[in-house]
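All chains are named by letter (A, B, ...) in the order of the sequence lines, taking the proteins before the strands, and each is independently numbered beginning at 1. Everything quoted here is computed from the prediction, not taken from an experiment.
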2 protein chains.
Amino acid sequence: MATPHSPLQSEACPIVQVIDRVAGKWAVSILIAATKAPVRYTELERNIPGISRRMLTLTLRNLERDGLLVRTVYPTVPPKVEYTATDSARELYRHLVGLTEWAERHQPDIIQARIAYDREHATAA
Amino acid sequence: MATPHSPLQSEACPIVQVIDRVAGKWAVSILIAATKAPVRYTELERNIPGISRRMLTLTLRNLERDGLLVRTVYPTVPPKVEYTATDSARELYRHLVGLTEWAERHQPDIIQARIAYDREHATAA
DNA sequence: CTGGATCCTCATCGATACTG
DNA sequence: CAGTATCGATGAGGATCCAG
């Protein structure tokens, strides 16, 4: 960490804020999509399995509010809205990629660890 | 995250799994503490402001289950339990540091963005 | 097509009390 | 010291309907 002090002061730790901001898989999914190319509302709805309209809208608003997405409205007859990742978001995305790579590397380990743990702590059947 | 058990087979993209695993400030706070040095239960309870016993235990169990923490019990008369970060967790921590730095760099921007957004979308004055 | 507003459910979390 | 068990409050999130 840039500031190796205040080890356990979670409130002051910026990473907590990032986690909170990105908390919920929806934000990340949207961010990933929008970083690759400007995306439309319906496009996101189709490409993110299981997301509800409500959460899509809510998450989009939050990301927009935090300056991670830019919302562009084209006043055409069928309304068209595009969401574009800002530079800030693209930079964040690079770090998320770091996490992705970690996840990919350790996914098998985690799965194994869970299996082992569950077997160990199995509810006597 | 506080779910007692995450599904063993997650079909989601790896980054979503990381986010889910680390979602909630407690996991990160604990991870940070345990990465720096082995920590005891009460030590965590004292140093993580606002955490409840329930969440502390739950989060510890999940991290342990995923192979990110190792739980060591010393069968002494006053029981002593130490939680130690695994290599896997330490590697994850390095990536979390990347996120931290991003957060520190962009925190002012985000705050500004929110202020601007809120002013723009103020409930019709 | 893009969302805002509403209702309602259920999971999550905090507080408390109890135990090895 | 290091937890577990239980209960109640809170709010995130899904479903639905309506509007620009």
Side-chain angles (χ1 to χ4, degrees), chain A residues 10-11 16 19-30 33-34 38-65 69-84 117 120-124, chain B residues 1-7 12 16 19-30 33-34 38-65 69-84 117 120-124:
Chain A
S10 60
E11 301 292 27
V16 171
I19 293 300
D20 282 351
R21 171 155 314 100
V22 159
K25 50 194 174 205
W26 307 133
V28 179
S29 301
I30 292 173
V39 283
R40 302 182 56 178
Y41 188 89
T42 312
E43 198 175 348
L44 286 168
E45 192 179 5
R46 276 199 315 269
N47 290 325
I48 302 179
I51 195 172
S52 64
R53 285 236 255 288
R54 175 187 156 86
M55 285 317 293
L56 178 54
T57 300
L58 239 46
T59 309
L60 284 171
R61 291 292 164 273
N62 278 327
L63 291 174
E64 188 195 353
R65 188 170 102 106
L69 288 185
V70 171
R71 180 173 181 267
T72 309
V73 181
Y74 299 91
T76 56
V77 167
K80 174 181 175 181
V81 179
E82 268 188 358
Y83 293 92
T84 312
Y117 183 94
E120 193 104 358
H121 298 73
T123 51
Chain B
M1 187 351 276
T3 323
H5 285 320
S6 310
V16 170
I19 293 300
D20 281 353
R21 171 73 20 247
V22 157
K25 52 194 174 204
W26 307 132
V28 178
S29 301
I30 292 173
V39 284
R40 303 180 56 175
Y41 188 90
T42 312
E43 197 176 345
L44 286 168
E45 191 180 7
R46 277 199 316 269
N47 289 323
I48 301 180
I51 196 172
S52 64
R53 275 217 184 82
R54 174 188 158 83
M55 286 317 293
L56 178 54
T57 300
L58 239 46
T59 309
L60 284 172
R61 292 291 168 275
N62 277 324
L63 291 175
E64 187 196 354
R65 187 169 101 105
L69 288 185
V70 171
R71 179 172 181 269
T72 309
V73 181
Y74 299 91
T76 57
V77 167
K80 175 180 176 181
V81 179
E82 267 189 359
Y83 293 91
T84 312
Y117 183 93
E120 193 101 0
H121 299 71
T123 48

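Summarising the geometry, the separation between CD on B/Glu43 and C1' on D/dG3 is reported as 16 Å, rounded to the nearest angstrom. Straight-line distance from the CZ atom of A/Arg46 to the P atom of C/dC1: 9 Å, rounded to whole Å. Rounded to an integer number of Å, the gap from A/Glu45 CD to C/dG3 C1' is 10 Å.
Between atom OH of residue B/Tyr83 and atom CG of residue B/Leu60 there is a gap of 4.5 Å, rounded to the nearest 0.5 Å. In this structure, CG on A/Leu56 lies 9.0 Å from CZ on A/Arg61, to the nearest 0.5 angstrom.
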### Task
Report the C-alpha separation of A/Asn47 and A/Val39 in whole Å, then their side-chain angles, then the decisive distance to 0.1 Å, and conclude whether the side-chain contact (heavy atoms from CB on, under 4.5 Å) test is met.
CA-CA 10 Å; A/Asn47 290 325; A/Val39 283; 6.0 Å; no
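Annotation: proximity of residues 52-65 of chain A to DNA chain D (heavy atom, distance under 4.0 Å) is found for A/Ser52, A/Arg54, A/Met55, numbered in ascending order.
With sequence neighbours excluded, no residue forms a ring-ring contact (aromatic ring centres under 6.0 Å, His included) with B/Tyr74.
Side-chain contact check for A/Ile51 versus A/Trp26: some heavy-atom pair is nearer than 4.5 Å.
Close to C/dG4, at under 4.0 Å from its OP1 or OP2, lies no side-chain N or O of A/Tyr41.
Across every non-hydrogen atom of B/Ala27 and B/Leu63, the tightest pair is O-CD1, 4.0 Å.
Note on A/Tyr74: nothing from the nucleic acid sits closer than 4.0 angstrom, heavy atoms only.
The side chain of A/Arg40 has C/dC1 as its nearest neighbour among C/dC1, D/dA2, C/dG3.
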